[in-house]
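Here is the naming used below: chain letters follow the sequence lines, and residue numbers restart at 1 for every chain.
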Amino acid sequence: MEVMDKWVAEFFLRRQQNPRVYASPLLSALKPVDSDDCVKLKLTAVLRDISSSLIQGTVDEGMLDLLEILEKLLLQEHSVIMGSLKSAYCWTAVECTLRFMWPVNASDGFFGDALERIWRNRIGMLKEKESDLVTRELLKWESELNKAFEEPEIYQEIRETNIRYNAISHLNQLLKEQWALLGCSSLESEARKRFLKRKDSPYASRRRGNREKANDVEEVGGVENPDGVDKVNEQEQEHEPILNKGDMLVARELKDLLLEIQKLIDPSTRQDQEPDNAMEQSVDVTPQPDGANRTEAEDSEGTSSSRRVRPHLPTPEPLNVSPLKKGRLERPRPRRPMKFWTSEEVAALREGVKEYGKSWKDIKNSYPVVFADRSEVDLKDKWRNLLGRQ
DNA sequence: TTAGGGCTAGGT
DNA sequence: ACCTAGCCCTAA
């Protein structure tokens, strides 16, 4: 396959405008993918298919296939198999079984067949391979489901559990993490490299008004900052304002171009919506924490109760009785000056997460120079930002 | 040591 | 007014 074909395919697969686009037909339209060097493209394809199925609301055995392929690809990359993949696999497997639990009695339908096919054959194979997907959680479900076949009470109980919700939540989480790990597409990183070479290009001064939503982190990749960080950068280190602007610009222009192409291919495509958001909303069933409202409510409650008339006593002077409490009485530490993340740091973080998962300490230790002035907590916070805050 | 809520500066 | 990235605090 031509390098450009590969890049364009990869780039296209990241567009979420049309949920009905699946990776396999697109890839088969191109020449067969040569085995090496294509892991990133393959990963993109698998993630895209998982994402598409999820948008369609399909959580079936095809999804299990995809998750198994994903595991294989990650192993090829020597990446850690993260908890999100294990959980997603487990809950998807349970959900697939649950689909055959619609009759009131276990023996009436195809529950037995499903147990055989999914748990004894498919997961049996995983066990033989000693796959990481076989977790304690999965084994627990296996024994529960086997019991359910014999005992009607357990069968009923499982039937009434909202498995699907869990499956979808974990699959969403998995997608977020994997897209964040992939970073920007080859086409975009190449574009960025070239853009850097001609820093003085007139493009660098062009700006756009629209902001991309958080989800675009996965698509535009290395764009960690909104444009307009010039002030910081004048004084600060190599935060590459031009790189980011250029990156976004190139990505946006490509996006526009692809929209044009897509309109030609599929006239039904609605252009005026924010497709990325639409997709997130339609699929993401994760409950929103709603933190702001809650604290506000608490606050107002607090103030209203504190407005009650009560005897007013002067605030007592703090007594330095316990050395343990000393810390609290001291002036709060001044905030560290804000320092934006460089693309080098982000790249190191991605590599680190691939290798160690969420062991921030290990990641920091394995890139002592890059992360010299970042704490483990900083790494954790940055990763959370890359995922797009929950 | 990590996860997660909350805060703040700086930007739109 | 609202959003985001980065930083802080605290519980487990």
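- Using a distance-only test at 3.5 Å, with no hydrogens or angles considered, no donor-acceptor pair links the side chain of A:Arg99 to the main chain of A:Asp60.
- For the segment residues 359-367 of chain A, residues with any heavy atom less than 4.0 angstrom from an atom of DNA chain B are, sorted by number, A:Ser359, A:Trp360, A:Lys361.
- Here B:dC7 presents its C1' atom at 14 Å from CZ of A:Arg336, a figure rounded to the nearest Å.
- The side chain of A:Lys382 lies closest to C:dG6, out of B:dA3, C:dG6, B:dT1.
- Protein atom CD of A:Glu345 is 9 Å distant from nucleotide atom P of C:dG6, rounded to whole Å.
- When the C1' atom of B:dA3 is taken as reference, atom NZ of A:Lys358 falls 9 Å away, rounded to whole Å.
- Residues satisfying the salt bridge (charged side-chain N to carboxylate O under 4.0 Å, His left out) test with A:Glu71, not counting sequence neighbours, are none.
- Of the possible polar contacts, none joining the A:Asn105 side chain to the A:Ser107 backbone as a donor-acceptor pair under 3.5 Å is found.
- Rounded to an integer number of Å, the gap from CG of A:Leu387 to P of C:dG6 is 14 Å.
- Between the side chain of A:Lys380 and the base of B:dG4, a donor-acceptor pair under 3.5 Å is found.
- For A:Val377, counting side-chain heavy atoms from C-beta on, the closest listed nucleotide (B:dT2, C:dC7, C:dA5) is B:dT2.
- With no hydrogens or angles considered, no side-chain donor-acceptor pair links A:Tyr367 and A:Glu345 at under 3.5 Å.
- Spacing between atom CG of A:Asp373 and atom C1' of C:dG6 amounts to 13 Å, rounded to whole angstrom units.
- Rounded to an integer number of Å, the gap from A:Phe340 CZ to C:dT4 C1' is 9 Å.
- At the phosphate of C:dC7, OP1 or OP2 sits under 4.0 Å from a side-chain N or O atom of A:Arg374.
- Of the candidates B:dA3, B:dG6, B:dT1, the closest approach to any side-chain atom of A:Arg384 belongs to B:dG6.
- If you measure from atom CG of A:Leu349 to atom P of B:dT2, you get 13 Å, rounded to the nearest angstrom.
- When atom types are taken as modelled, the side chain of A:Arg120 and the backbone of A:Leu115 share no donor-acceptor pair closer than 3.5 angstrom.
- Spacing between atom CD of A:Glu376 and atom P of C:dG6 amounts to 18 Å, rounded to whole angstrom units.
- With contacts defined as side-chain heavy-atom distances shorter than 4.5 Å, the pair A:Leu349/A:Phe371 qualifies.
- In this structure, A:Glu355 has no salt bridge (charged side-chain N to carboxylate O under 4.0 Å, His left out) partners at least two apart in sequence or on a different chain.
- Contact check, A:Arg335 against C:dC8: no side-chain N or O comes under 4.0 Å of OP1 or OP2.
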